[in-house]
There are 2 protein chains.
Amino acid sequence: MTWTDTTLSRLRETTGRSGGARRLVVELLGRQDCCLSAQEIHDSLRDAGGRVGTASVYRALDGMDELGLVQRVDLGDGVARYEPVHDEGHHHHHLVCDDCGKVEPFEDPGLESAIERVAGGRGYSVAAHDVVLRGACEDCRQHRD
Amino acid sequence: MTWTDTTLSRLRETTGRSGGARRLVVELLGRQDCCLSAQEIHDSLRDAGGRVGTASVYRALDGMDELGLVQRVDLGDGVARYEPVHDEGHHHHHLVCDDCGKVEPFEDPGLESAIERVAGGRGYSVAAHDVVLRGACEDCRQHRD
DNA sequence: ATGATAATGATAGCCGTTCTCAAAGACGTG
DNA sequence: CACGTCTTTGAGAACGGCTATCATTATCAT
């Protein structure tokens, strides 16, 4: 069962209907392994010949976000990005290079457990957490010298 | 030496000049211990009778951010917030309640060292990192039951 | 097939942020 | 202190991402 299939059926059973635009968005996202902005999704679908409206892209993303099928990623540049949640409870975070803009995913169990420890110690029930590390990637550090 | 004074003199030695708007922004921020949005700063200064322009607030914040005197905080709602960096290398992160919108600062050495371990292991030189935990605060959890 | 109803997409609107530019203010100099 | 230069300032326009609106289209149960 691929993420694309799971997602389509989860969406369908939630809303009762299924439409073409939403399916296109899901199928495109299913082919990614890191985040994509709504604009990028929209452009990509248009380039492929689809007649998809901006609003439909945002609606699809919003719906998936509420169901936890997609993770909203905020890298601080004023653009929301989204990526498929392939495995529940097994997500990743992002390293962003300030020089070249490259975005790399990473995951780290030590970081996860540190976060859980913080939340638990403060009576918080944490539904989501974002970690963004910003700096210079290895390539850019070498070029700079 | 207060943060306000340090910041004003650092700004002055960087740009060579000093203006009234920037000073008002710095003085207001110096009185805060958690983050404030540009709008909030702008409104607050206007309410106090100052004739401060939007652009000046953003310019001041931008300048301080570049000098590391202020930390840009992105809580994912499309609004940039800023808070004074009182002590270099000793910053905090944020817990955001999805129900009531409350923002609480926290700091945790375990989390910091986990982050450093991740960055080091990937050849990244990390200049900044943001951690945002979202969930339900203690008050809202009790009310909900 | 048909009708009720949800999804869609073009477009207008909203809001935070940035840009523009003329006016005002700050500093070094005479 | 007065002057000239150069930066800062502030009003408003412009911009970009996102949301709202609403007529049209598509879906599904019957």
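Treat the numbers as computed from the prediction; the structure is a model and nothing was measured.
- Under the 3.5 Å distance criterion, with hydrogens and angles disregarded, a donor-acceptor pair is assigned to the side chains of A:H93 and A:E112.
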Between the protein and nucleotides 10-16 of chain C, which nitrogen or oxygen pairs are less than 3.5 angstrom apart?
from	atom 1	to	atom 2	distance (Å)
C:dA10	OP2	A:R46	NH1	3.3

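- Panel note: side chain A:E13, backbone A:R10; no donor-acceptor pair is recorded below 3.5 Å.
- Contact detail for B:P84 and B:W3: the closest heavy-atom pair is CB-CE2, 3.4 Å.
- Other members of the hydrophobic cluster containing A:L95, listed by chain and number, are A:F106, A:L111, A:I115, A:V118, A:Y124, A:V126, A:V131, A:L133, B:L95, B:F106, B:L111, B:I115, B:V118, B:Y124, B:V126, B:V131, B:L133; membership follows side-chain contacts under 4.5 Å among ILVMFWY residues, whether direct or relayed.
- Summarising the geometry of A:C35 relative to A:H94, their closest heavy-atom pair is SG-NE2, 4.0 Å, with the distance given to 0.1 Å.
- In terms of heavy atoms, B:A114 sits closest to A:A114 at CB-CB, 4.4 Å.
- The phosphate of C:dG9 has OP1 or OP2 within less than 4.0 Å of a side-chain N or O from A:S56.
- Side-chain N/O atoms of B:R22 and B:T15 include a donor and acceptor closer than 3.5 Å.
- Of the residues in residues 60-73 of chain A, none lies under 4.0 Å from DNA chain C by heavy-atom distance.
- Within residues 16-25 of chain B, the residues that place at least one heavy atom under 4.0 Å from DNA chain C are, in residue-number order, B:R17, B:S18.
- Side-chain atoms of A:E83 and A:H92 include a donor-acceptor pair closer than 3.5 Å.
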Scan the side chains in residues 54-61 of chain A for donor-acceptor partners under 3.5 Å anywhere in the protein, sequence neighbours excluded, and list what turns up.
from	atom 1	to	atom 2	distance (Å)
A:S56	OG	A:R59	NH2	3.3

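- Each end of the helix from C:dA1-D:dT30 to C:dG30-D:dC1 gets its own axis from five base pairs, and the two axes differ in direction by 30°, given to 10 degrees.
- The number of heavy-atom neighbours closer than 6.0 Å to CZ of A:R46, taken from other residues, nucleotides and ligands shown, is above 12.
- Summarising the geometry, the separation between CZ on B:R12 and C1' on D:dT7 is reported as 13 Å, rounded to the nearest angstrom.
- What separates CG of B:L11 from P of C:dA26 is a distance of 16 Å, to the nearest Å.
- Nucleic acid contact class of B:T15 (heavy atoms, under 4.0 Å, all strands): sugar-phosphate only.
- A pairwise comparison of heavy atoms in A:P105 and B:R122 identifies O-NH1, 3.9 Å as the closest pair.
- Residue B:L11 comes nearest to B:G63 through the heavy atom pair CD2-C, 4.5 Å, listed as atom of the first residue, atom of the second, then distance.
- When each of A:V73, A:I41, A:L36, A:D74 is tested with A:R81 by the rule side chain to side chain contact (heavy atoms under 4.5 Å, CB included), just one qualifies, namely A:V73.
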